[in-house]
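First comes the structure, then the notes that go with it.
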Amino acid sequence: MNPPVFSRKIPVTQMDARGIGAIVVLCTVYSALMMMGAAWLFDEDATGWRAVLSTVALLVLIAVWMVGLLVVAAAWIWVEERWLASVKRRPKAFSASAQVDVDERGLSIDGLGHVQWIDVLTIEGIPDSDNYLVVHTRPFNKLMLTAPVDELAPVINHYLALRSDAGAMATATGILQSRAIVFCWRCFLAWIVAGYALAAAAGVALVLYAPDVGFLKTVVVLCVLLPMIAWLVWAIPFAQIGLLSHSRVRAFELDGTRLRSTDGAWQIDLMQTRISHRHARGLGYEFGFLAVRPKTGRNLDLLLEGGADQEALLEALSGRGLLPQANPER
């Protein structure tokens, strides 16, 4: 049976997601301010026309909040394109109709270049769209390919699966290739603590500065507003390892006792490194990750989502005496 191929001239757009983190933060702060405004406008003791006006004002505020989210996102995109792009002197993103070839050698785009399968990190669909597929690569970042997803995605997934199996089988040769989401565990934990702290601070402020608010408002604030404040903060780290994790996928190799990225950005001697397989559990999250703590240089946390290559990586580390028993994190 011949391996699947895709060869067609289609629109290709190089996407820049470097501003998505700022958009998430701005939208989170904006949403928290709007929720505080909604709590202030709602009057549980109002009757007659005052009750009607209070309800209408609340509905208008909700509508303004929804429109405002789009305005905030559009405003930051405008800042990115008009000001930051010129200040940082970013190269113009590729956008053209180009010949795209997908086969066992990798992904080739006429006018942009060739990407080997080890450097094709993951693919991402666009909701409610059958004609757009986002491909995350190491050299060209995010590429949006305009083509029927049911034709293009199976071909790419076929070779990504082959690459994963090939990486798992490479253990016998001493070099194992794998992919994982790179994140910062301490930063993740700091965001979780910040969510609890901000919600607790809002609760203390309510008790100290508004002790005479009505019972209904108190219940709404304690049971709705405070948890929402915490979840808005937690949305940032959850998005980094969930919805926005595609841009954090990196490819790396284990060669003997050395762990290195395929792009040469970092290389770690595991004999001089403390490494552990941890399991993190908490309210709204549960995952496993590989914590790499070298004596010098930056720490590295690799989120493990399963797969033959990652299982082979753990087995190889254990077999070489580099990985102690897994321990839980909270």
Side-chain angles (χ1 to χ4, degrees), residues 1-20 23-24 70 73 77 92-170 177-183 235 238-252 262-263 287 303-312:
M1 181 178 178
N2 294 328
V5 297
F6 179 90
S7 180
R8 192 177 304 176
K9 189 173 184 179
I10 60 175
V12 179
T13 302
Q14 194 174 21
M15 304 172 66
D16 187 357
R18 282 171 285 190
I20 191 66
I23 292 177
V24 171
L70 300 177
I77 292 174
K92 187 176 181 180
F94 179 86
S95 181
S97 183
Q99 176 66 29
V100 176
D101 295 306
V102 182
D103 53 31
E104 63 273 8
R105 296 172 299 172
L107 174 68
S108 296
I109 300 174
D110 189 26
L112 187 60
H114 177 76
V115 186
Q116 298 181 4
W117 285 116
I118 187 60
D119 292 324
V120 178
L121 304 177
T122 184
I123 62 174
E124 176 186 3
I126 296 179
D128 301 324
S129 175
D130 298 327
N131 296 299
Y132 296 98
L133 187 69
V134 177
V135 181
H136 295 257
T137 70
R138 182 188 60 79
F140 305 128
N141 298 321
K142 296 172 63 175
L143 300 174
M144 186 172 70
L145 309 181
T146 305
V149 175
D150 57 353
E151 297 180 19
L152 180 57
V155 178
I156 297 179
N157 280 326
H158 171 79
Y159 291 110
L160 289 180
L162 287 181
R163 167 53 59 183
S164 177
D165 293 339
M169 293 186 295
Q177 293 181 330
S178 185
R179 297 183 181 88
I181 297 170
V182 178
F183 78 113
F238 289 166
Q240 291 176 345
I241 64 171
L243 182 64
L244 306 179
S245 63
H246 297 284
S247 60
R248 292 174 171 266
V249 176
R250 297 292 182 270
F252 55 92
T262 57
D263 59 0
F287 55 84
L303 185 65
L304 303 177
E305 297 181 306
D309 56 340
Q310 292 185 354
E311 292 296 331

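These values consider heavy atoms only, across backbone and side chains, with no hydrogens, waters or symmetry-generated copies. Everything numeric here is computed off the predicted structure, so don't read it as measured data.
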Can you sort out the partners of Pro11 under side chain to side chain contact (heavy atoms under 4.5 Å, CB included), two or more places apart, ordered by chain and number?
Thr146
Could you give the distance from CZ (Arg248) to CG (Leu303), rounded to the nearest 0.5 Å?
10.5 Å
Under the rule for side chain to side chain contact (heavy atoms under 4.5 Å, CB included), what residues qualify as partners of Ala147, not counting sequence neighbours?
Phe6, Ile10, Leu152
Test side chain to side chain donor-acceptor pair (under 3.5 Å) applied to Arg250 - qualifying residues, sequence neighbours left out
none
Where do Arg179 and Val249 come nearest, in terms of heavy atoms and distance?
CB-CG1, 4.2 Å
Could you grab the distance from atom CG of Leu112 to atom CG of Leu107, nearest 0.5 Å is fine?
8.5 Å
Is the closest side-chain heavy-atom distance between Asp119 and Thr137 below 4.5 Å?
no
Closest non-hydrogen atoms of Pro154 and Val149, given as atom of the first, atom of the second and distance, are CD-O, 3.5 Å
Of the non-hydrogen atoms in Ile118 and Ala251, which two are nearest, and what is the gap between them?
O-CB, 3.3 Å
dist Leu162:CG -> Asn157:CG (nearest 0.5 Å) comes out at 11.0 Å
Partner set under salt bridge (Lys or Arg N to Asp or Glu O under 4.0 Å) for Glu151, not counting sequence neighbours:
Arg8
Is it true that atom CD of Glu124 has more than 12 heavy atoms of other residues, nucleotides or ligands lying nearer than 6.0 Å?
yes
If the test is side-chain contact (heavy atoms from CB on, under 4.5 Å), which one of Ile123, Asn141, Val12 qualifies with Val135?
Ile123
Excluding sequence neighbours, so at least two apart, what forms side chain to side chain donor-acceptor pair (under 3.5 Å) with Asp103?
Arg105
All side chain to side chain contact (heavy atoms under 4.5 Å, CB included) counterparts of Asp101, not counting sequence neighbours:
Ser7, Gln99, Ser108
Can you tell if the side chain of Val134 reaches within under 4.5 Å of the side chain of Ile126, non-hydrogen atoms only?
yes
Check this for me: Asp130, atom CG, are more than 12 non-hydrogen atoms of other residues, nucleotides or ligands nearer than 6.0 Å?
no
Show every ring pair (Phe, Tyr, Trp, His ring centres under 6.0 Å) that has at least one partner inside residues 98-145, sequence neighbours left out.
Trp117-Tyr159, His136-His246
I need the Ser97 OG to Asp110 CG distance, nearest 0.5 Å.
10.0 Å
Only counting residues at least two apart or in another chain, list the ones meeting side chain to side chain donor-acceptor pair (under 3.5 Å) with Glu311.
none
Only counting residues at least two apart or in another chain, list the ones meeting side chain to side chain donor-acceptor pair (under 3.5 Å) with Thr13.
none
